[in-house]
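Reviewing the structure listed below.
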Amino acid sequence: MNILLIGSGGREHALAWKIAQSPMVQSLCCAPGNGGMADIAENVDLDTGSHADVIEFCQEKHIDLVVVGPEAPLVDGLADALTIAGIAVFGPQKTAAQLEGSKGFTKDICARYGIPTAAYGRFADAEAAKAYVKEQGAPIVVKADGLAAGKGVIIAQTELQATQAIDDMFAGAFGEAGVEVVVEEFLEGEEASFFALSDGTTVLPLATAQDHKAVGDGDTGPNTGGMGAYSPAPVMTDEMVEQVMREIVEPTAQAMRDLGCPYKGVFFAGLMITSTGPKLIEYNCRFGDPECQVLMMRLKSDIVPLLKACAEGTLAQQGVEWHAQSALTVVLAAKGYPGSYKKGSDIRNIAPAEATGTQVFHAGTKVEGGRIIATGGRVLNVTALGTTVTEAQAKAYSAIDVIDWPEGFCRSDIGWRAVAREKISS
Ligand code: AMP
Ligand code: GLY
């Protein structure tokens with residue numbers, strides 16, 4: 001098969017790494033790709049925002065399957081355009097991608113299908129939203145309805161903070177994404193991520209993971225795209241996974257069928273494990289970044305038949321096998337991230353770090369004259385397997401010690417919740 005992978009982050013490097021191992025693959029192109037993907041695939045300069053350009057490329061290169069990494073092209077209808085052109089695609093159609101693209105859309109599905117989630121209201125004007133805040137009290141959560149690059153969620157500790165957030169959103173702080181807002185109950189508990197594949201009819205559970213969104217140790221400081229992750233997440237027991245499939249993911253797949261837009265792709269459910277069980281915080285219509293990196297390390301099965309089956313509607317014939325080990329990834333980011341940071345510094349000693357038995361997935365890098373140069377905020381994902389999360393953590397941090405990149409930094413406590421649990425149980 002000839003495969004085109006859309007994206008340039010650590011998530012896409014991990015997908016490319018796993019796809020490239022498949023004996024089914026003849027060629028793998030990445031658009032635009034990054035410095036790590038250049039080693040295992042052909043990076044192509046393609047305007048992925050232009051559906052016509054992507055289709056033309058696929059026809060020219062006889063692409064059999066397009067795998068879409070990030071959410072924006074999906075919410076923008078790339079999967080629809082490819083399907084109309086007769087090209088198989090992994091990733092939901094535009095209407096189905098609203099599960100991520102519109103928080104209000106997802107909350108309404110939860111209400112209609114009895115899916116456990118935070119109580120909420122949807123508002124198109126500030127006064128009504130403020131009245132709801134007054135009625136409910138703080139803490140309370142204010143969210144821009146649309147895609148806001150992970151920044152459209154304000155956890156308001158006071159009613160004043162909530163009303164300010166509402167005013168900001170309606171004043172255009174998040175552009176189009178804030179034309180409507182969702183105000184919802186603050187959920188208490190531990191967060192976990194759950195992933196499942198879907199071909200529209202069959203839902204195949206994949207695995208659990210836990211991300212670290214805050215930039216600083218001890219979960220302090222501003223939120224980022226994710227500073228590290230591990231899988232599986234011991235906070236989710238097997239029974240809880242079954243409960244999430246039964247009460248959250250399967251009813252969502254049913255809802256999408258009922259709406260006439262069967263969901264094909266990956267369900268990424270962000271969950272809060274509350275004292276009364278798992279509740280849905282949000283859906284994403286793509287793999288998590290950096291959660292994907294740990295999932296790919298643990299995945300024993302060939303990923304290509306799974307992605308193809310989602311596109312073709314044959315997932316019922318597929319199973320999935322995992323390595324017994326835990327996986328953990330630590331993000332190396334440019335100093336200053338998630339605020340402003342410098343680009344263009346050299347990164348050395350990646351190969352010696354990998355030689356210690358880890359996998360280094362690239363995010364914001366490019367290769368120039370044999371040098372590896374940092375080009376983004378999140379730059380590398382140092383990823384290891386271990387018999388425990390504690391062991392995987394030790395391996396990842398030993399490899400980081402080998403990498404020579406003075407302009408970078410990382411959290412020093414990725415995996416702390418699982419490590420603490422492992423200490424108690426040992
Ligand atoms: P989201 O973009 O919806 O994932 O929200 C970003 C982060 O805000 C989540 O990962 C949670 O940490 C937090 N969050 C969102 N909704 C809630 C909620 N209802 N209660 C508590 N925390 C929330
Ligand atoms: N790591 C969180 C996300 O991909 O949304």
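Counting starts at 1 for both ligands and their atoms, following the listed order. Position 1 is the first residue of the sequence; numbering continues from there.
Listed by number with element, the atoms of ligand 1 under 4.0 angstrom from any heavy atom of K213 are 10 (O). Shown in contact with M272 at under 4.0 Å from a heavy atom are these atoms of ligand 1, numbered in order with element: 21 (C), 22 (N). In summary, the atoms of ligand 1 found under 4.0 Å from a heavy atom of F186, numbered by their order in the structure, are 20 (N), 21 (C). Atoms of ligand 1 lying under 4.0 Å from any heavy atom of E184, numbered from 1 in the order shown and given with element: 16 (N), 17 (C), 18 (C), 19 (N).
At least one donor-acceptor pair under 3.5 Å links the side chain of R257 to the backbone N or O of G200.
With sequence neighbours left out, R421 forms a salt bridge (charged side-chain N to carboxylate O under 4.0 Å, His left out) with E190. By the side-chain contact (heavy atoms from CB on, under 4.5 Å) test, K342 pairs with no residue at all, sequence neighbours left out.
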Identify all N/O pairs between ligand 2 and the protein with a separation under 3.5 Å and present them as a table of atom names and distances.
from     : atom 1 : to   : atom 2 : distance (Å)
ligand 2 : 1 (N)  : D211 : OD2    : 2.8
ligand 2 : 1 (N)  : G225 : O      : 3.0
ligand 2 : 1 (N)  : D289 : O      : 2.9
ligand 2 : 1 (N)  : E291 : OE1    : 2.9
ligand 2 : 1 (N)  : E291 : OE2    : 3.4
ligand 2 : 4 (O)  : R286 : NH1    : 2.9
ligand 2 : 4 (O)  : D289 : N      : 2.9
ligand 2 : 5 (O)  : R286 : NH1    : 3.3
ligand 2 : 5 (O)  : R286 : NH2    : 2.9

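At least one N or O atom of L187, backbone or side chain, sits closer than 3.5 Å to an N or O atom of ligand 1. Below 3.5 Å of separation, one finds an N or O of E191 facing an N or O of ligand 1.
The heavy atom nearest to atom 22 (N) of ligand 1, considering only D219, I155, N284, is found in I155. With distances taken over non-hydrogen atoms, the option nearest atom 15 (C) of ligand 1 out of E282, E100, K103, K143 is K143.
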Set out, in order, the CA-CA distance, both residues' side-chain angles and the distance that settles ring-ring contact (aromatic ring centres under 6.0 Å, His included) for Y132 and F123, then state yes or no.
CA-CA 9 Å; Y132 183 79; F123 304 97; 5.3 Å; yes

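Atom CG of D401 has more than 12 heavy atoms from other residues, nucleotides or ligands within 6.0 Å. Residue K107 places its NZ atom among more than 12 non-hydrogen atoms of other residues, nucleotides or ligands, all under 6.0 Å distant.
For the residue pair T224 and H212, the shortest heavy atom distance occurs at OG1-O, 4.3 Å.
Between E184 and K103, no side-chain nitrogen of the basic residue sits less than 4.0 Å from a carboxylate oxygen of the acidic one, so the salt-bridge criterion is not met.
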Side-chain polar contacts of residues 168-181 - donor-acceptor pairs under 3.5 angstrom, sequence neighbours left out - could you list them?
from : atom 1 : to   : atom 2 : distance (Å)
E180 : OE2    : R122 : NE     : 2.6
E180 : OE2    : R122 : NH2    : 3.2

